[in-house]
S.K.: 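Sharing a structure with you now.
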Amino acid sequence: MENDVTRRTADRLEGALAASDRAEPGAVWHLQQYVSMLRLPQPAQNPRLPLARFLCKLQLHDGRWDLRERELERLPNPGEELSFADGTTWVVDRTDDVSRARGPAASRPIVVCLAA
């Protein structure tokens, strides 16, 4: 089992199932399957998440801006710092969603950054 919380959750569910005599049989079966799943050994966790490409709009002090792509594990939150290959560091201001010009109608997030 991965941790104490998972083990305690499985123990509590098993106890509740044992004490329950009026539960729907189908529900009991599903909860037993869930407890069995909680008790399975957990595979080793991969510390690296897959990277996704994000478009970053870098706003300069003089009003100009530049676009760069950055591979990140997740969409960054406002206030987080991003560094780029050229050694510059930028602070995430916000995320804007823009529609793609071609292809599916899904929007794409653009990470708007200010100079650090």
S.K.: Show your reasoning for whether side chain to side chain contact (heavy atoms under 4.5 Å, CB included) applies to Phe84 and Thr89.
M.R.: CA-CA 7 Å; Phe84 290 84; Thr89 302; over 6 Å; no
S.K.: Applying side-chain contact (heavy atoms from CB on, under 4.5 Å) between Val35 and each of Gln33, Gln32, Arg39, report the one that passes.
M.R.: Arg39
S.K.: Output the distance between atom CZ (Arg74) and atom CG (Leu51), rounded to the nearest 0.5 Å.
M.R.: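 Reported value, rounded in 0.5 Å steps: 12.5 Å.
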S.K.: Has Tyr34 got more than 12 heavy atoms of other residues, nucleotides or ligands less than 6.0 Å from its OH?
M.R.: no
S.K.: Got a donor-acceptor contact below 3.5 angstrom from the Glu80 side chain to the Asn77 backbone?
M.R.: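 Yes, the answer is positive, given that a donor and an acceptor are paired below the 3.5 Å cut-off.
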S.K.: Between the side chains of Asp96 and Arg108, is the shortest nitrogen-to-carboxylate-oxygen separation below 4.0 Å, so that they form an ion pair?
M.R.: no
S.K.: Report the C-alpha separation of Leu13 and Leu38 in whole Å, then their side-chain angles, then the decisive distance to 0.1 Å, and conclude whether the side chain to side chain contact (heavy atoms under 4.5 Å, CB included) test is met.
M.R.: CA-CA 10 Å; Leu13 281 172; Leu38 288 174; 4.2 Å; yes
S.K.: After noting the C-alpha distance and the side-chain angles of Thr95 and Val112, does the key distance pass the side chain to side chain contact (heavy atoms under 4.5 Å, CB included) rule?
M.R.: CA-CA 6 Å; Thr95 302; Val112 180; over 6 Å; no
S.K.: So, for Pro78 and Asp93, which heavy atoms are closest and what is the spacing to 0.1 Å?
M.R.: CB-O, 3.6 Å
S.K.: Taking atom OG1 of Thr88 and atom CZ of Arg68, what is their separation to the nearest 0.5 Å?
M.R.: 4.5 Å
S.K.: Do the side chains of Ser20 and Val28 get nearer than 4.5 Å, heavy atoms only?
M.R.: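 No, side chains not in contact.
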S.K.: Evaluate the side chain to side chain contact (heavy atoms under 4.5 Å, CB included) criterion for residues Phe54 and Leu75: first the C-alpha distance (whole Å), next the side-chain angles of each, then the deciding distance (0.1 Å), finally the verdict.
M.R.: CA-CA 8 Å; Phe54 292 98; Leu75 188 64; 3.5 Å; yes
S.K.: Would a 4.5 Å heavy-atom cut-off, applied to side chains only, mark Ile110 and Cys56 as touching?
M.R.: no
S.K.: Give, for atom CD of Glu71 and atom CZ of Arg53, the distance between the pair rounded to the nearest 0.5 Å.
M.R.: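 It comes to 4.5 Å.
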S.K.: Would you say Leu60 and Val92 are hydrophobically clustered, going by side-chain heavy atoms of ILVMFWY under 4.5 Å?
M.R.: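 Yes: a chain of side-chain contacts under 4.5 Å links Leu60 to Val92.
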S.K.: Between atom CG of Leu82 and atom SG of Cys113, what is the distance when rounded to the nearest 0.5 Å?
M.R.: 5.0 Å
S.K.: Ignoring hydrogens, what is the shortest heavy-atom contact between Leu114 and Gln59? Give both atom names and the distance.
M.R.: CD2-OE1, 3.3 Å
S.K.: Report the C-alpha distance between Arg64 and Asp66 in whole Å, list the side-chain angles of each, state the deciding distance to 0.1 Å, and finish with yes or no for salt bridge (Lys or Arg N to Asp or Glu O under 4.0 Å).
M.R.: CA-CA 7 Å; Arg64 296 178 299 139; Asp66 187 16; over 6 Å; no
